[in-house]
Amino acid sequence: MPWIVLLLSAVLEAVWATALDASAGFTVLLPTLVFLAAGIASMVGLSYAMKFIPVSTAYAVWTGLGAVLTVAYAMIFGNEAPGILKILFLAGIIGCVVGLKFVDSAPKARDQNAGVPDGGPSETPQRGVD
């Protein structure tokens, strides 16, 4: 489920990026509202996914797929000229994002004691004490 939410959040990233452009600096109401709603929903989904997927992987997937979808949308609707190299590089981003899924370790579960040494604060190294 976290991967599905992450992918949907990447789609929403493309939505808010496109709406941000269409808002003309927040001067057009509807795209501004779409930007706000999609931006919030995208961040909430990313936050949820990061509870189970390492931040390095989740953020790379979110930004990578969001960027590819934003460029693809712009090319399809004539706002950006398509080109064979551009499409090849976008495919490379997708390949790298898919690769991250396959090299990702087992999903993590947040531990309340994450980052705290097993013995608690007494095992924390102290600087300047020999």
Side-chain angles (χ1 to χ4, degrees):
M1 187 64 160
W3 279 99
I4 293 169
V5 171
L6 182 60
L7 295 176
L8 292 174
S9 294
V11 170
L12 288 171
E13 183 193 5
V15 169
W16 70 250
T18 303
L20 179 60
D21 179 50
S23 77
F26 302 118
T27 60
V28 182
L29 182 60
L30 184 59
T32 299
L33 295 175
V34 170
F35 163 77
L36 290 171
I40 291 169
S42 181
M43 293 291 173
V44 168
L46 176 62
S47 176
Y48 168 79
M50 285 182 174
K51 290 181 181 180
F52 306 96
I53 301 168
V55 63
S56 57
T57 302
Y59 187 71
V61 169
W62 184 73
T63 57
L65 289 181
V68 167
L69 292 171
T70 302
V71 173
Y73 179 88
M75 287 191 305
I76 290 167
F77 289 96
N79 298 329
E80 187 157 336
I84 190 70
L85 286 177
K86 190 177 292 186
I87 293 169
L88 180 67
F89 291 133
L90 291 172
I93 293 172
I94 293 170
C96 290
V97 166
V98 170
L100 286 173
K101 166 63 175 138
F102 288 114
V103 298
D104 189 19
S105 60
K108 67 179 182 177
R110 294 278 180 169
D111 182 7
Q112 291 180 353
N113 296 322
V116 177
D118 289 336
S122 63
E123 285 190 12
T124 304
Q126 297 179 5
R127 295 181 190 259
V129 177
D130 292 333

Enquirer: Is the number of heavy atoms from other residues, nucleotides or ligands under 6.0 Å of Y48 OH greater than 12?
Expert: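 Atom OH in Y48 is packed in, count exceeds 12.
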Enquirer: Taking all atoms of both residues into account, what is the closest heavy-atom pair of G45 and V5, and its distance?
Expert: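 In terms of heavy atoms, the two residues are closest at O-CG1, 3.5 Å.
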Enquirer: Does one hydrophobic cluster hold both Y73 and V97, with members joined at side-chain heavy-atom distances below 4.5 Å?
Expert: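 They do not share one cluster, since no chain of ILVMFWY contacts under 4.5 Å joins Y73 to V97.
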Enquirer: How many angstroms lie between atom CG of L36 and atom CG of L20, to the nearest 0.5 angstrom?
Expert: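 The CG atom of L20 is 9.5 Å from CG of L36, to the nearest 0.5 Å.
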Enquirer: Hey, quick one: are L7 and L90 part of the same hydrophobic cluster, counting side-chain heavy atoms closer than 4.5 Å, chains of contacts allowed?
Expert: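 Yes.
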Enquirer: Hey, could you give me the CD1/CH2 distance between I40 and W16, rounded to the nearest 0.5 Å?
Expert: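 Atom-to-atom, I40:CD1 and W16:CH2 are 12.5 Å apart.
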Enquirer: Tell me whether F89 is reachable from L100 by hopping between hydrophobic residues (I, L, V, M, F, W, Y) whose side-chain heavy atoms are closer than 4.5 Å.
Expert: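 No, it is not one cluster - the side chains of L100 and F89 are not joined through contacts under 4.5 Å.
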Enquirer: On a heavy-atom basis, which atom in A17 and which in T70 lie closest, and how many Å separate them?
Expert: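 Result for this residue pair: CB-OG1, 3.9 Å.
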Enquirer: Return the minimal non-hydrogen interatomic distance between L65 and A10, and the atom names on each side.
Expert: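 The answer is CB-CB, 3.7 Å.
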Enquirer: Please report the shortest heavy-atom distance between W62 and S42, naming the atom on each side.
Expert: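 Closest approach of W62 to S42: NE1-OG, 2.9 Å.
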Enquirer: Working to the nearest 0.5 angstrom, can you tell me the gap between N79 CG and D21 CG?
Expert: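 One finds 7.0 Å between CG of N79 and CG of D21.
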Enquirer: In the single-linkage hydrophobic clustering (I, L, V, M, F, W, Y; side-chain heavy atoms under 4.5 Å), do L33 and V28 co-cluster?
Expert: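 No, no single cluster joins them.
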Enquirer: Side chains of T57 and W3, heavy atoms from C-beta outward: is any pair under 4.5 Å?
Expert: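 The answer is yes, as the side chains (C-beta and beyond) meet within the 4.5 Å cut-off.
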Enquirer: What closest approach, in Å, do E80 and V71 show between heavy atoms, and which atom pair accounts for it?
Expert: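 Reported closest heavy-atom pair: OE2-CG1, 4.0 Å.
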Enquirer: Taking C-beta and beyond as the side chain, do V44 and S47 meet within less than 4.5 Å on heavy atoms?
Expert: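 No, their side chains stay 4.5 Å or more apart.
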Enquirer: Looking at I84, I'd like to know if its CD1 atom is crowded, meaning that more than 12 non-hydrogen atoms belonging to other residues, nucleotides or ligands lie closer than 6.0 Å.
Expert: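 No, the 6.0 Å shell around CD1 holds no more than 12 heavy atoms from other groups.
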Enquirer: Test of understanding: clusters of I, L, V, M, F, W, Y form through side-chain heavy atoms closer than 4.5 Å, transitively. Do Y59 and I94 belong to the same one?
Expert: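 Same cluster: Y59 reaches I94 through Ile, Leu, Val, Met, Phe, Trp or Tyr contacts under 4.5 Å.
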Enquirer: Under the 3.5 angstrom rule, does the side chain of K101 hit a backbone N or O of V61 as a donor-acceptor pair?
Expert: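 The answer is no, because no donor-acceptor pair under 3.5 Å joins these two groups.
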Enquirer: Which pair of non-hydrogen atoms, one from A58 and one from L46, has the smallest distance, and what is that distance?
Expert: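 Where A58 meets L46 most closely, the heavy atoms are O-CD1, 4.0 Å.
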